Asks: 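Please see the structure below; I have some questions.
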Amino acid sequence: QVEFVLERRRHLRAEGEMDEKQAARLEAVERNGNPYGLPSYSRSEWLLDKGVPSIEDHPEADVIYWIGCAGAYDSRAQQTVLAVVQLLQAAGISFAILSEEKCCGEVVKRLGEEGRFQLAAMENIEMLEMYADKLFLTSCPHCYNTLKYEYRDFGLELQVVHHTEFLAGLLAAGKLPLAAGAACRIVYHDPCNLGRLNGIYEAPRRLLQAVPGVVLAEPSRTGDRSFCCGAGGGNAWYNVPEKEKISSLRLREIQTAAAPDTVAVACPYCLSMFEDGVKTEGLEEAMKVRDIAEILAEHLSL
């Protein structure tokens with residue numbers, strides 16, 4: 001149904017029918033290079049200030065960590081980015097970030113503005129072509145799918161890996177020694193763009209199962225039958241007029257089926273939606289929401 005919805009949105013956009021808040025997101029991407037409408041210069045500044053190298057200054061780096069808009073500007077998603085950085089450093093990985101990074105255009109495309117997406121993609125490709133021999137690492141499944149597959153339509157082939165895949169490889173190679181922690185019951189929520197769209201189900205689970213003290217439980221709907229967090233298709237950026245929040249429905253389902261201490265995610269938008277849902281449902285004392293990278297970093301044995 002995804003292509004059907006996209007085609008319908010393109011039609012509505014062509015007819016000039018678009019919600020004001022959706023239009024504001026498009027304008028923010030065009031004006032500031034991100035849907036948050038925040039200054040472009042602050043996208044990577046906070047990481048550079050922490051000593052994270054840029055590929056422009058360290059062209060010998062093997063891996064480029066693509067931060068993404070959420071990872072760059074959302075304070076909660078920034079914690080995931082810092083956890084990934086900590087794990088990469090602990091494993092001795094030669095990596096850097098792009099100081100000139102800007103939105104990949106995924107949210108623009110999902111809102112039906114195909115022309116603006118193509119413009120954003122072509123501008124990014126002009127910058128990324130010189131780094132096509134590098135491995136691109138990202139924590140955002142939305143960026144992952146766009147960079148790896150949708151940029152191919154414009155002639156750019158990139159090697160792209162999600163952080164759960166990359167970290168699973170480091171773990172298998174013995175580069176991420178993990179220490180035991182308190183016993184914890186965890187449910188992993190499959191993000192739509194990582195799971196159903198790209199078939200990545202096992203790597204996140206292997207990571208969690210490797211953490212000493214973790215018991216991995218499954219919700220009633222899991223894997224290719226997982227249930228959306230509610231952020232897909234650009235819905236993270238405005239309030240959808242719905243009877244109940246999708247994030248609340250999913251959290252209640254998880255709580256009923258598995259009663260976990262922690263809901264583990266692998267997407268910054270799932271993280272944001274569930275953090276909001278936990279508060280809405282009054283579950284702050286019952287469960288935490290953590291990215292898998294955060295859980296690994298907390299158990300890292302240095």
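Predicted model only: the values in this text are computed from it and were never measured. When reading the values below, keep in mind they use all heavy atoms of this one structure, side chains included, and skip hydrogens, waters and symmetry mates.
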Asks: Kindly determine whether L137 and V84 satisfy side-chain contact (heavy atoms from CB on, under 4.5 Å), including the steps that lead there.
Replies: CA-CA 10 Å; L137 169 68; V84 172; 4.3 Å; yes
Asks: How close do P35 and C103 get, heavy atom to heavy atom, and via which atoms?
Replies: CD-SG, 4.2 Å
Asks: What is the minimum heavy-atom distance between A168 and R206, and which atoms define it?
Replies: CB-NH2, 3.9 Å
Asks: Which distance, rounded to the nearest 0.5 Å, do you find between the CZ of R152 and the OG1 of T146?
Replies: 12.5 Å
Asks: Classify the side-chain pair N198/N193 by whether it contains a donor and acceptor separated by less than 3.5 Å.
Replies: no
Asks: About how many Å separate CG of L128 and CD of E100, when rounded to the nearest 0.5 Å?
Replies: 11.5 Å
Asks: Give, for atom NE2 of H142 and atom SG of C69, the distance between the pair rounded to the nearest 0.5 Å.
Replies: 11.5 Å
Asks: Starting from the C-alpha separation in whole Å, work towards a yes-or-no answer on side-chain contact (heavy atoms from CB on, under 4.5 Å) for V278 and T280.
Replies: CA-CA 6 Å; V278 162; T280 301; over 6 Å; no
Asks: Dump the intermediate steps for side-chain contact (heavy atoms from CB on, under 4.5 Å) on R25 and E30, then the final yes or no.
Replies: CA-CA 9 Å; R25 296 282 75 77; E30 185 171 5; over 6 Å; no
Asks: Could you walk me through whether D276 and K245 satisfy the side-chain contact (heavy atoms from CB on, under 4.5 Å) test, starting with their C-alpha distance in whole Å, then the side-chain angles of each, then the deciding distance to 0.1 Å, before giving a yes or no?
Replies: CA-CA 10 Å; D276 178 66; K245 290 184 177 181; 3.0 Å; yes
Asks: Atom CD1 of I295 and atom CG of L300: how far apart are they, to the nearest 0.5 Å?
Replies: 13.5 Å
Asks: Do other residues, nucleotides or ligands put more than 12 heavy atoms under 6.0 Å from the CD atom of E60?
Replies: yes
Asks: First locate atom CE of M122, then atom CD1 of I125, and finally report the distance between them rounded to the nearest 0.5 Å.
Replies: 7.5 Å
Asks: If you look at every heavy atom in E101 and R43, which pair is closest and at what distance?
Replies: O-CD, 2.8 Å
Asks: Roughly how far, to the nearest 0.5 Å, is the OG atom of S248 from the CD atom of E253?
Replies: 12.5 Å
Asks: Can you say whether the rings of W66 and F136 are parallel (under 30°), tilted (30 to 60°) or perpendicular (over 60°)?
Replies: tilted
Asks: Going by distance alone, is a donor N or O of one side chain under 3.5 Å from an acceptor N or O of the other, for T222 and Y201?
Replies: no
Asks: Any donor-acceptor pair under 3.5 Å linking the side-chain atoms of N34 with those of Y73?
Replies: yes
Asks: Verify side-chain hydrogen bond (donor to acceptor under 3.5 Å, both in side chains) between Y151 and N124, making sure each step is shown before the conclusion.
Replies: CA-CA 9 Å; Y151 278 17; N124 274 326; 3.0 Å; yes
